[in-house]
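Data block below; observations after.
Treat the numbers as computed from the prediction; the structure is a model and nothing was measured. Throughout, protein chains are lettered first and strands after them, A, B, ... in sequence-line order, and every chain is numbered starting at 1.
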Amino acid sequence: MLGDGFKQSAKTGICGCTTLSRDEIVAEIRAKGLTTTKEVMNVLGWKQEEGCSKCRPAINYYLGMIYPDTHKDEKESRFVNERMSANIQKDGTFTVVPRMYGGVTTPEDLKKIADVSIKYDVKVVKVTGGQRLDLIGIKKEDVPKVWEELDMPSGYAYAKSLRTVKTCVGSQFCRFGTQDSMGMGALLERKYERLDFPAKFKMAVNGCPRNCAESCTKDIGIVGNDGGWEVFIGGNGGIKPRIADSFCKVKTDEELVEICSAVMQYYRETGNYLERTSDWVERMGLDSIKAVILDNEEERKALAQRIDFALTQVTDPWKKMLSDGRARTALFDAAEIR
Amino acid sequence: MGVARQTYPAGKVEEYLKQIGRVVIIKGIELAVFRTSGDEFYALENRNPHPKGGPLAEGIVSGHYLYDPLYDWKIDLRTGEVQAPDKGQAAAYPVHVDGDSVVIEI
Ligand code: HEM
Ligand code: SF4
Ligand code: FES
């Protein structure tokens with residue numbers, strides 16, 4: 001079934017349904033022009049016809065990465081949180097986290113959040129570690145109403161996507177600040193929100209090397225200095241902590257955005273599904289990532305263009321669900337029969 | 001048990017998205033009802049057999065199996081039986097399609 005020179009030895013695939021590796025699957029999708037998870041599993045000889053909870057979400061991600069404009073996202077191949085665009089809790093209630101770009105909000109938004117939280121009897125309003133508010137314990141059938149009444153963009157707290165860009169106070173107010181971290185953080189969060197990544201993606205922007213917003217534990221951490229910005233990649237504060245590696249220094253905001261774009265797109269194109277950048281950097285090697293992005297201007301610009309194209313295709317999932325009555329009813333409303 | 005089962009109409013086929021569970025409440029019993037890609041229907045009690053509990057309706061469906069949404073246990077939709085290496089049992093209820101209506105027996 002698979003072309004030439006393919007070794008069928010006791011190798012392990014991405015899950016029990018296949019012996020193919022991530023790179024082989026992506027190559028086959030590109031070579032054969034496969035377009036749906038069903039087609040991929042069928043043509044590539046999956047052992048379990050309709051796949052499992054490991055491979056289906058992975059294939060759906062790879063298809064979206066390869067065909068940003070034409071792939072029809074498959075809700076049935078998404079984990080619950082991504083399918084519902086909300087975080088499920090162990091009791092079956094959900095959490096709603098609206099965007100708060102760069103961790104900055106307004107009194108008007110806070111009022112709205114407070115009103116909606118009271119009206120829908122939110123169990124806990126929690127400040128997250130990502131500098132925004134988590135409305136915890138919302139009944140499933142109330143989730144779309146909460147979105148509607150908040151009328152704020154989804155914070156993607158449930159997604160393998162850009163979560164938050166944590167910022168410090170920075171040069172707008174802080175006496176040490178040399179760069180506008182709040183401004184740059186909000187700009188980056190607005191630019192890159194909603195796009196799918198292999199895993200969740202966290203960023204931080206700091207106004208000076210004191211690093212109050214903790215860049216060293218972020219997928220991309222940015223630290224301002226007198227002459228521009230320093231970029232760190234591959235940090236992680238979680239179960240397997242890793243301090244981010246210094247990637248480069250840039251002088252201007254434009255250069256900073258181009259580097260972020262290229263790093264993100266390179267990770268999107270080469271990362272294994274569910275592989276955080278901390279593992280990706282170790283696997284690829286920092287120097288090889290530098291060679292592709294820093295030493296090769298043409299490739300850097302091409303990567304940045306590809307992510308910009310993919311970014312033109314994304315839309316707010318809460319608005320989309322609110323305008324799709326059939327999906328909303330099927331996903332959120334229980335049918336009560338007497 | 002011993003009590004005769006009763007049948008309940010549970011809406012039209014097209015109200016169910018393929019491979020996406022739907023919660024149906026019949027006489028206070030909460031069910032997770034699934035429509036497979038081959039248009040078979042199955043109903044389980046919407047209660048996770050995992051000791052920590054939680055729902056089942058939001059899991060990933062593959063053929064007549066469900067991967068539960070919280071702990072990724074694999075459950076046979078036909079019987080509610082949890083597949084090895086995990087162990088457990090979700091209550092399964094008979095479902096059939098009558099014309100374009102979904103009918104559940106409880
Ligand atoms: C495998 C490890 C992790 C898992 C499974 C995980 C899971 C989650 C989940 C489910 C939420 C949403 C909670 C809710 O509102 O329902 C969340 C939020 C959050 N987690 Fe984690 N987490 C992990 C690791 C980490 C690490 C390492 C950090 C920090 C270094 C972290 C920081 C946060 C923050 C800041 C939020 C709130 C995010 C936001 O505002 O969007 N998590 N995490
Ligand atoms: S990192 Fe620097 S600029 Fe930002 S708040 Fe801390 S001291 Fe101020
Ligand atoms: S629940 Fe947030 S880190 Fe574990």
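- Note that CD of Glu50(A) is 3.0 Å distant from OG of Ser37(B), once rounded to the nearest 0.5 Å.
- Atom CZ of Arg22(A) has more than 12 neighbouring heavy atoms from other residues, nucleotides or ligands inside a 6.0 Å radius.
- More than 12 non-hydrogen atoms from other residues, nucleotides or ligands lie less than 6.0 angstrom from NZ of Lys319(A).
- Contacts of Gln48(A) with chain B are made by side-chain atoms alone, with heavy-atom separations under 4.5 Å and no backbone atom involved.
- Within a 6.0 Å radius of NZ in Lys54(A), other residues, nucleotides and ligands contribute 12 heavy atoms or fewer.
- Proximity of Asn81(A) to Glu58(B): side-chain heavy atoms (C-beta onward) are nowhere separated by under 4.5 Å.
- No more than 12 heavy-atom neighbours from other residues, nucleotides or ligands sit within 6.0 angstrom of NZ on Lys72(A).
- Closest heavy-atom contact between Cys52(A) and Tyr67(B): CB-OH, 3.1 Å.
- Residues Glu76(A) and Val61(B) form no side-chain contact, since every pair of their non-hydrogen atoms from C-beta on lies 4.5 Å or further apart.
- With rounding to the nearest 0.5 angstrom, the CD1 atom of Ile337(A) is 12.0 Å from the CD1 atom of Ile29(B).
- Using a 4.5 Å heavy-atom threshold, the side chains of Asp68(B) and Ser53(A) count as separate.
- In plain terms, the two heavy atoms of Gly51(A) and Ser62(B) that are nearest each other are O-OG, 2.6 Å.
- A distance of 9.5 Å separates CG of Leu70(B) from CD of Gln89(A), quoted to the nearest 0.5 Å.
- Only the backbone of Arg78(A) comes within less than 4.5 Å of a heavy atom of chain B; no side-chain atom from C-beta onward does.
- Residue-level contacts of residues 6-26 of chain B with chain A, in order of numbering, are Tyr8(B), Pro9(B), Ala10(B), Glu14(B), Glu15(B), Tyr16(B), Leu17(B), Lys18(B), Gln19(B), Ile20(B), Gly21(B), Arg22(B), Val23(B), Val24(B), Ile25(B), Ile26(B); threshold 4.5 Å between heavy atoms.
- Heavy-atom distances place no part of Lys38(A) under 4.5 Å from chain B, backbone and side chain included.
- Neither the backbone nor the side chain of Glu49(A) has a heavy atom closer than 4.5 Å to any heavy atom of chain B.
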